[in-house]
Amino acid sequence: MKIISSPQLLQEEIIKLKRKGNTIGFVPTMGYLHDGHLSLIRRARKDCDVVVVSIFVNPLQFGPREDLKKYPRNFKKDSALCKKYTDILFYPNVREMYPDDFLTEIEVNKLSNVLCGASRPGHFKGVATVVNKLFNIIFPDMAYFGQKDAQQAVIIKKMVKDLNIPADIKVMPTVREKDGLAMSSRNSYLSRQERGDAAVLYRSLILAKNMVKKGATDSNKIISKMRNLILNKKSAKIDYISIVNPETLDPLKKMNKQALVLLAVFVGKTRLIDNILIRR
Ligand code: PAF
């Protein structure tokens, strides 16, 4: 596995590999890798000739009062984890990605301002900008994202479509702990008590799924039951629970053939997100 930190050197290397006819599979990450990331990397290995993983904690997607400084990092462990399946590990520093004279931003309107975008203004602009930049350095044939970040996946797909970016976006299932908690680098912030409480997020999504199975159609009723279940946990504070169209992210008053149930909940000080796609 080659470790490259210069965007320009990586771009040159990729151009050579593509000229030889190789397909490129790309997994963008912010590091502190867990089984969720590894499932994306393994899938890229299956699908493509060359696998590129990036590790970059992107400052543009953090708000001024968010956890950029304390975001967990462990490059040594991450590179050891990647080694088996990865050909190139891209590990740029902030100056290389955003020199002092950097001015350009990408915004996917409407989709970026709802749900997590309403609670985290500017977050998805930061995500779209860095992903666009990474795509322009790596020219992936296929790029892999987790369903856990459902809104992010919808926004990236839209950006790729709108800007004619020739990359196939693959969204892979959420990988969960035994008790259902979606894997996330931020789970490492949770105390023992909070870690136990955090399992309620997934339980509330299963509650929604079971209600729909039994015939419930009114989104408000479903949300209200989920809310009550989550608020049983002392450490939990709900940011939002929403039921939306999985492609447009428009709210659904009644359950459709397909609905995406999303939530963001603070467990202690840690903001966790999760979602479930429900088909009737
Ligand atoms: O999902 C993430 O880890 C990040 O938002 C991404 C896609 C790597 C962009 O920084």
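Whatever order the structure lists ligands and atoms in, that order sets their numbers, starting from 1. If you read the sequence from its start, that first residue is 1, and numbering goes on from there. These numbers come from a predicted model, not from an experiment.
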Check each atom of ligand 1 against the heavy atoms of [X] and keep those under 4.0 Å away; list them by number with element.
| X | answer |
| --- | --- |
| V130 | 9 (C), 10 (O) |
| T29 | 8 (C) |
| Q61 | 4 (C), 5 (O), 9 (C), 10 (O) |
| P28 | 8 (C) |

Side-chain ion pair, K269 and E194, N-O less than 4.0 Å: no
Taking D250 first and then K110, would you say they form a salt bridge - that is, a charged N and a carboxylate O separated by under 4.0 Å? yes
For atom 5 (O) of ligand 1, what is the closest protein heavy atom, and at what distance to 0.1 Å? Q152 OE1, 2.7 Å
Write out the residue and atom name of the closest protein heavy atom to atom 3 (O) of ligand 1, then the distance separating them to 0.1 Å. M30 CG, 3.7 Å
With sequence neighbours left out, write down each residue that passes ring-ring contact (aromatic ring centres under 6.0 Å, His included) with F266, or none if nothing qualifies. none
Please name all residues satisfying ring-ring contact (aromatic ring centres under 6.0 Å, His included) with F75, sequence neighbours left out, ordered by chain then number. Y91
What's the verdict on side-chain contact (heavy atoms from CB on, under 4.5 Å) for L111 and Q151, showing C-alpha distance, side-chain angles and the deciding distance? CA-CA 8 Å; L111 298 176; Q151 187 176 8; 5.7 Å; no
